[in-house]
Number of protein chains: 2
Amino acid sequence: MSTEQVSLPPPSSVGLTSRVSSHPLSPLTTAEITNAVQLVQNLYPPNTSLQYKAVTLQEPNKADLVPYLQAEHHGGRKPTIERRAFVAYYIRNTDKFHEAIVNLDRQRMESNVRLGQGIHGPGDAEEILLVEKIALEDESVQAEIAKLKLPEGTAVISDPWIYGSDGVNDEERMYQCFLYMRDPSNPSNLDSNHYAFPLTISPVVDIVKSKVIRIDLLPTGSDHSVKEPQPLQVPPPNEYSAEHQDLRTDLKPLNVIQPEGASFKVTEAGETGRVIEWQKWFFRVGFNQREGMVLYDVRYDDRSVFYRMALSDMVIPYADPRHPFHKKAAFDLGDAGAGVMANNLKLGCDCLGSIHYLSAVLSTDKGEPWPMENVVCIHEQDAGIGWKHTNYRTGTASVVRSRELVVQSIITVANYEYIMAFIFNQAGEVKYEVRATGIVSTQPTDVEVPWGTIVHPGVLAAHHQHIFSLRIDPAIDGHNNRLVYEEAHPMPRSDFNPHGVGYTVLQTLVEKSTGLDLNPDHNRTFKIQNPSVKNPINGHPVSYKIVAPAFQKLLADTDSFHHKRAEFADRNLYVTRYRDGELYAGGKYTNQSRGGDGVRAWADRRDPVTDTDLVLFVQFGLQHVVRAEDFPVMPCEIISVAFKPVDFFERNPALDVPPSTQERNRSTLAAAAAETHHQPSLEAMVGSKGEVCCSSKL
Amino acid sequence: MSTEQVSLPPPSSVGLTSRVSSHPLSPLTTAEITNAVQLVQNLYPPNTSLQYKAVTLQEPNKADLVPYLQAEHHGGRKPTIERRAFVAYYIRNTDKFHEAIVNLDRQRMESNVRLGQGIHGPGDAEEILLVEKIALEDESVQAEIAKLKLPEGTAVISDPWIYGSDGVNDEERMYQCFLYMRDPSNPSNLDSNHYAFPLTISPVVDIVKSKVIRIDLLPTGSDHSVKEPQPLQVPPPNEYSAEHQDLRTDLKPLNVIQPEGASFKVTEAGETGRVIEWQKWFFRVGFNQREGMVLYDVRYDDRSVFYRMALSDMVIPYADPRHPFHKKAAFDLGDAGAGVMANNLKLGCDCLGSIHYLSAVLSTDKGEPWPMENVVCIHEQDAGIGWKHTNYRTGTASVVRSRELVVQSIITVANYEYIMAFIFNQAGEVKYEVRATGIVSTQPTDVEVPWGTIVHPGVLAAHHQHIFSLRIDPAIDGHNNRLVYEEAHPMPRSDFNPHGVGYTVLQTLVEKSTGLDLNPDHNRTFKIQNPSVKNPINGHPVSYKIVAPAFQKLLADTDSFHHKRAEFADRNLYVTRYRDGELYAGGKYTNQSRGGDGVRAWADRRDPVTDTDLVLFVQFGLQHVVRAEDFPVMPCEIISVAFKPVDFFERNPALDVPPSTQERNRSTLAAAAAETHHQPSLEAMVGSKGEVCCSSKL
């Protein structure tokens with residue numbers, strides 16, 4: 001059924017030479033980062049301080065890479081693809097923001113462009129620490145804090161927030177800081193949950209000027225009014241860490257043991273190249289500052305399925321209409337980066353079983369290589385029964401368990417956590433799962449309001465939306481794909497449908513780039529098809545369908561900055577025609593952005609998208625109406641999007657999974673097992689002369 | 001926060017005396033079944049043959065049981081509740097269908113009613129075997145089969161289907177048989193997948209007359225026309241069993257080891273009473289012919305949450321409008337019974353870890369006790385990260401894994417399987433999960449049609465819907481509850497919302513019994529509240545919300561028999577005021593039913609449902625547009641409904657779960673672990689004189 005029938009080359013051996021490391025999709029190596037930074041630095045007089053926002057792989061143009069991958073999988077000579085770095089940087093302490101492309105093979109700059117004044121780079125770790133320091137060292141801020149008459153020894157904490165956009169004096173690069181304190185009764189506890197103690201003082205820091213330019217006071221009533229800081233009545237603490245809990249004692253250990261090791265194979269090509277092979281799946285894992293983990297060249301049983309998969313963007317707009325909360329709309333990938341915020345996933349604490357960790361290297365604000373250890377973990381998990389059938393006539397049960405491969409990364413965005421994973425199974429399915437956890441963003445309140453929930457005395461957590469955009473560049477048996485949607489509709493009553501029960505499934509072709517919505521009432525389902533490859537059983541084009549839950553899309557009105565900026569958040573799906581570099585649904589730089597360079601703008605080109613190289617941006621999300629149960633750390637809310645084969649295979653591709661047996665599973669019994677219940681078998685038997693008789697068998 | 005503060009009594013000891021076994025909610029024991037049948041049999045002359053359809057516990061009236069449970073949990077004298085059996089039976093080989101209530105304590109019949117002529121009891125195992133036999137032994141059927149000129153030795157199989165309703169000569173009790181053959185090239189393989197070989201001959205059996213009354217021929221073109229059976233071109237087989245597969249060899253074993261055993265406790269009270277306690281949860285498990293497993297008296301940390309939870313009904317209507325397929329609308333619970341179809345869950349083949357099996361006893365058609373071994377399995381599973389937060393200033397990560405308790409039963413409905421489980425977690429959540437697997441129902445075809453998919457040469461699987469109804473009798477901190485729904489709506493632009501970003505969450509009270517729908521565009525969410533118990537943190541009524549996915553509801557038109565019969569399938573939620581005996585959303589007897597005695601009828605009473613004893617019927621479902629991948633056995637499709645606490649607890653109830661540590665998890669490494677990445681900590685410090693300064697700590 002596949003158009004690509006040749007087998008994969010043997011995996012390249014692990015090595016450390018520059019040639020082996022330079023697969024075109026391997027992230028930049030330590031040496032390449034150093035080299036790229038040096039080439040950029042050479043543009044300036046010595047001692048010029050640059051602030052690096054990203055030093056990352058400039059991915060090859062697709063027109064170059066597709067023939068390369070073709071040759072890699074199918075044989076033939078691979079075209080030369082030069083290594084390039086993308087460097088985004090400021091001249092430090094200025095608003096001069098630049099993008100450079102560095103050709104590492106030729107050791108020269110290919111471009112170096114200063115971006116327009118309205119464009120702001122993402123925050124970085126050092127900058128955020130600097131903002132904290134500026135806010136807390138500021139004398140006028142300290143004077144405001146002093147009015148609270150906090151107990152001696154109280155530690156005040158500053159959480160810098162990306163400033164957001166409201167069009168009111170917001171051209172400069174700024175941070176809005178929210179202040180909290182640690183539990184005054186336990187000042188030495190550095191892990192005290194300061195989000196239980198929000199303060200009403202909110203300094204605004206101009207990061208170019210490196211100073212506090214304004215101190216906002218937060219409204220705490222039911223309207224927009226604010227009041228001067230007053231001596232604070234200290235509420236009780238609300239700690240999440242284990243030493244503050246009366247822990248359950250009746251939970252017995254549960255271990256996942258893989259006596260023969262894991263079933264996946266990781267081939268490391270050089271410092272940064274990683275190929276994963278598992279249960280007929282093949283893919284490469286990349287990692288960058290903005291997206292964190294990226295999957296490339298995803299294939300099943302030697303057939304291409306996806307060219308590239310990564311979380312493209314997210315927005316978390318809050319419900320509170322009051323200044324300065326109205327600006328709260330975090331674009332965590334564009335405002336900071338899923339790569340730079342990735343957790344070190346410590347062995348045993350985040351996963352069970354046989355775990356393989358991938359490390360990465362990014363860059364610091366000074367352009368130094370920044371090793372990020374254990375930012376991606378790979379492990380298998382059991383996902384319950386995969387398929388089962390019992391022949392009730394013989395009592396014979398056929399059952400297999402579903403094994404999954406999890407490729408996971410976790411980010412901490414100040415108060416909040418996202419656990420993000422690509423999950424592959426043996427039935428040809430890929431799922432992208434997000435678990436939302438961490439601490440809800442809090443603010444002080446005197447009253448209950450209909451846009452938030454009181455989660456602790458005097459503490460409001462405003463309701464908010466989480467809207468994610470997953471970018472999928474499909475390659476279903478090749479790159480020329482189309483998007484259709486299917487709906488089930490009742491047949492009208494007629495002589496053909498005399499009982500009013502018939503229905504049909506209708507398919508609609510999407511011809512031009514556009515935004516589209518789900519419709520559960522019609523079971524609207526989006527499918528990516530390759531019409532040039534047909535399923536031999538039923539002649540249908542080979543396809544993958546997108547299984548995404550309906551959710552409440554962006555609530556902010558269409559004239560709002562939230563709407564203009566979150567170009568993905570208003571539709572369930574956007575489809576565009578592929579163009580190099582169009583990776584980020586909310587635009588390349590989201591910090592104080594104005595919109596206009598994201599997926600809505602690309603879709604508005606109305607490019608033809610039929611039987612060509614198209615790209616999908618799949619949105620999914622949560623409306624988080626906050627509960628008391630979501631504090632001090634919320635139980636994971638889990639959402640996911642799945643991609644499932646439809647007529648891509650001739651039959652259930654997991655039929656060849658070995659049966660589930662006690663010999664393999666080694667389960668134990670807490671009660672006696674018993675015999676299978678058999679029923680007699682009945683069939684009519686065709687005799688040697690074509691006559692038919694009935695027999696009964698046990 | 002709870003209204004019920006006293007602790008549970010110690011669990012009753014395991015015992016075999018009649019008194020211990022007779023908790024009012026324990027299923028009938030072997031002796032009770034025998035006794036009830038004897039009392040019914042005594043009504044008739046000796047040698048009268050009765051055909052028993054159900055001999056099961058007549059659950060006590062709620063007005064009697066609530067004080068009993070109150071006394072059980074809170075102390076005090078338990079009222080006497082007499083044990084009663086419900087017996088449904090035919091006088092064999094007649095259409096005389098009866099319901100009897102037997103008082104076992106008083107050894108007397110309380111009622112014995114002959115039901116109206118349009119009411120038909122469910123199928124039973126012996127009856128289905130008899131129908132197979134009648135169809136295959138019939139000479140006219142054999143004459144039709146002979147026309148197919150099947151190869152010598154070919155086994156023909158008859159799958160009896162419940163007849164369904166179309167109002168055309170369908171008053172009598174009948175079965176529609178679909179015929180298949182086993183692979184003629186391998187006639188000794190009793191587990192051959194006969195669904196790959198559907199035949200065009202469909203006998204109709206009158207079960208009262210015990211004979212074939214009609215032979216339908218199946219349409220195989222694109223219209224209603226049928227043709228005489230002709231010599232059959234035998235297509236290739238399509239087997240699912242392991243010996244026919246070239247099995248994967250690269251899947252390594254994955255074992256779940258619980259070195260200290262499971263964390264749950266099962267207290268067996270007599271032969272049939274089971275109390276489960278796990279991680280602050282408490283509930284009783286029952287089992288009956290119709291619903292299979294039932295949970296009663298579900299409590300968390302001594303607070304009542306649900307009085308009763310069970311799958312109430314399901315309907316699977318098919319898309320094909322043609323005779324006789326237009327009648328295909330399986331109500332598997334009412335037509336046969338989830339209890340009688342339950343699998344024996346063999347150790348290690350269906351679950352991992354430390355497993356406890358529950359057995360049950362039902363009755364045969366002759367009224368004999370029928371032991372059903374291992375029909376419910378109970379085990380724990382790891383569900384990934386439960387909650388996590390990393391303090392980015394100190395690098396301290398707090399993380400717990402989520403442990404779940406799975407209470408599972410699996411049913412085989414001829415070709416198809418449902419894996420059904422109640423899943424509890426440590427965050428106070430209960431999920432009901434259904435995995436749909438098994439073999440799609442097949443029919444012969446010569447052409448492609450828009451209401452089905454060709455899954456094998458000459459084999460059509462018609463599209464179909466699966467619509468389930470889960471009955472929830474809530475008791476959120478007591479029995480007087482209310483139903484509300486919440487929606488998030490944008491605030492209008494105004495001085496209060498000058499940037500167009502604000503939104504509010506509005507609550508609507510449901511005052512009368514009715515059907516209701518989801519609305520993802522407004523994030524409509526149903527919540528069960530107890531307004532008399534307030535959350536001490538925010539004053540909100542304690543609640544549980546219902547998290548159910550939107551799905552395409554019944555497509556058959558409102559005048560169709562499908563619509564009339566599947567009284568639940570047209571709305572996402574029905575709410576009714578509690579009445580004893582109103583358990584089954586599609587009516588008590590669904591076989592050839594006409595509708596009018598299910599949940600739509602009860603809701604139409606428009607009873608007040610505010611702050612009273614209300615009942616919810618939550619619908620969820622799948623539109624199954626068939627894929628080639630769904631044959632010969634489909635990979636599980638998983639759907640679920642969750643019930644999550646909202647302001648029921650003061651904070652995250654899983655905060656006290658012990659942290660995830662390598663010491664407990666015993667995970668292994670496939671690569672070197674590395675150090676945690678720490679960042680310096682910054683805070684402003686309030687000095688002894690109230691002055692504020694800034695310090696930096698590592």
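Quick note on labels: first sequence line is chain A, next is B, and so on, each numbered from 1.
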J.: At a 4.5 Å cut-off on heavy atoms, which part of B:Ile410 comes close to chain A: side chain, backbone, both, or neither?
T.: side chain
J.: Looking at A:Gln258, A:Arg248, A:Lys252, which has the largest count of heavy-atom pairs under 4.5 Å with chain B?
T.: A:Arg248
J.: Looking at A:Pro645, A:Gly384, A:Ala414, A:Gly438, which has the largest count of heavy-atom pairs under 4.5 Å with chain B?
T.: A:Pro645
J.: Roughly how far, to the nearest 0.5 Å, is the CZ atom of A:Arg627 from the CZ atom of B:Phe648?
T.: 12.5 Å
J.: Looking at A:Ser398, A:Pro317, A:Pro457, which has the largest count of heavy-atom pairs under 4.5 Å with chain B?
T.: A:Ser398
J.: Only pairs of heavy atoms separated by less than 4.5 Å count here; which of A:Glu260, A:Met634, A:Lys149, A:Glu380 has the most with chain B?
T.: A:Glu260
J.: What part of B:Val256 gets closer than 4.5 Å to chain A, counting heavy atoms only: side chain, backbone, both or neither?
T.: both
J.: Quick one: pull up CG in B:Asn255 and CD1 in A:Ile257 and give me the separation to the nearest 0.5 Å.
T.: 7.5 Å
J.: What option among B:Gly428, B:Ala262, B:Ala427 has the most heavy-atom pairs under 4.5 Å with chain A?
T.: B:Ala262
J.: Would you mind checking which part of B:Ala488 comes under 4.5 Å of any heavy atom in chain A, side chain (CB onward), backbone (N, CA, C, O), both or neither?
T.: both
J.: Is a salt bridge present between A:Arg393 and B:Glu132, judged by a nitrogen-to-oxygen distance below 4.0 Å?
T.: yes
J.: To the nearest 0.5 Å, tell me how far B:Leu655 CG sits from A:Asn238 CG.
T.: 7.5 Å
J.: Give the member of B:Ile454, B:Val455, B:Asp559 that has the highest number of heavy-atom pairs under 4.5 Å with chain A.
T.: B:Ile454
J.: What part of A:Val399 is in contact with chain B, defined as an atom under 4.5 angstrom from a non-hydrogen atom: side chain, backbone, both or neither?
T.: side chain
J.: Select, from A:Trp451, A:Phe496, A:Tyr503, the one with the greatest count of heavy-atom pairs under 4.5 Å involving chain B.
T.: A:Tyr503
J.: With only heavy atoms counted, which part of A:Asn523 is less than 4.5 Å from chain B, the side chain, the backbone, both or neither?
T.: both
J.: For residues B:Asp647 and A:Glu629, determine if any side-chain heavy atom of one lies less than 4.5 Å from a side-chain heavy atom of the other.
T.: yes
J.: Let me know if B:Phe631 has heavy atoms under 4.5 Å from chain A in its side chain, its backbone, both or neither.
T.: backbone
J.: Please classify the contact of B:Gln623 with chain A as side chain, backbone, both or neither, using a heavy-atom distance under 4.5 Å.
T.: both
J.: Looking only at non-hydrogen atoms, find the nearest pair between A:Ala628 and B:Asn538 and report the distance.
T.: CB-ND2, 4.0 Å
J.: Does any backbone or side-chain atom of A:Arg435 lie under 4.5 Å from a heavy atom of chain B? Answer side chain, backbone, both or neither.
T.: side chain
J.: For the candidates B:Asn343, B:Asp320, B:Asp246, which exhibits the highest count of non-hydrogen atom pairs separated by less than 4.5 Å from chain A?
T.: B:Asn343
J.: Counting heavy-atom pairs closer than 4.5 Å to chain A, which one of B:Cys636, B:Ala550, B:Pro259, B:Pro253 comes out on top?
T.: B:Pro253
J.: If every non-hydrogen atom of B:Ser667 is compared with every non-hydrogen atom of A:Leu352, which pair is closest and at what distance?
T.: OG-CA, 3.3 Å
J.: Measure A:Phe551 against the heavy atoms of chain B and call it side chain, backbone, both or neither at under 4.5 Å.
T.: backbone
J.: Got a second to check how far A:Ile439's CD1 is from B:Asn652's CG, nearest 0.5 Å?
T.: 11.0 Å
J.: In terms of heavy-atom pairs under 4.5 Å, which option from B:Glu486, B:Arg403, B:His456, B:Arg493 contacts chain A the most?
T.: B:Arg403
J.: What part of A:Ser241 is in contact with chain B, defined as an atom under 4.5 angstrom from a non-hydrogen atom: side chain, backbone, both or neither?
T.: both
J.: Is it the side chain or the backbone of B:Lys388 that comes within 4.5 Å of chain A heavy atoms, both, or neither?
T.: both
J.: In terms of heavy-atom proximity below 4.5 Å to chain A, should B:Ala397 be classed as side chain, backbone, both, or neither?
T.: neither
J.: What part of B:Pro549 gets closer than 4.5 Å to chain A, counting heavy atoms only: side chain, backbone, both or neither?
T.: neither
J.: Mind checking the CG-CH2 spacing from A:Asp630 to B:Trp387? Nearest 0.5 Å is all I need.
T.: 13.5 Å
J.: Does any part of the side chain of A:Pro659, heavy atoms only, come nearer than 4.5 Å to the side chain of B:Leu247, both counted from C-beta?
T.: yes
J.: Write down the atom of B:Asn391, the atom of A:Tyr240, and the distance for their closest heavy-atom approach.
T.: CB-OH, 4.3 Å
J.: In terms of heavy-atom proximity below 4.5 Å to chain A, should B:Glu448 be classed as side chain, backbone, both, or neither?
T.: side chain
J.: Between B:Gln245 and chain A, with a heavy-atom cut-off of 4.5 Å, which part of the residue counts as in contact: side chain, backbone, both or neither?
T.: side chain
J.: For a quick test of reading the model, state the closest non-hydrogen atom pair linking A:Ser560 to B:Gly500 and the distance between them.
T.: CB-O, 3.9 Å
J.: A:His326: which residues meet the ring pair (Phe, Tyr, Trp, His ring centres under 6.0 Å) condition with it, sequence neighbours left out?
T.: A:His323, B:His499
J.: Which value, rounded to the nearest 0.5 Å, describes the distance between A:Ile537 atom CD1 and B:Thr453 atom OG1?
T.: 12.5 Å
J.: Check each atom of A:Val625 against the heavy atoms of chain B and say whether the ones under 4.5 Å are side chain, backbone, both or neither.
T.: side chain
J.: I'd like to verify something: which residue of B:Gly502, B:Pro632, B:Ala319, B:Ala556 has the highest number of heavy-atom pairs under 4.5 Å with chain A?
T.: B:Ala319
J.: Could you look at A:Ile419 and say if it's the side chain, the backbone, both or neither that has a heavy atom under 4.5 Å from chain B?
T.: side chain
J.: Can you tell me which portion of B:Thr390 sits under 4.5 Å from chain A's heavy atoms? Options are side chain, backbone, both or neither.
T.: both
J.: Could you have a look at A:Asn497, A:Asp521, A:Leu251, A:Asp250 and say which one has the most heavy-atom pairs with chain B under 4.5 angstrom?
T.: A:Leu251
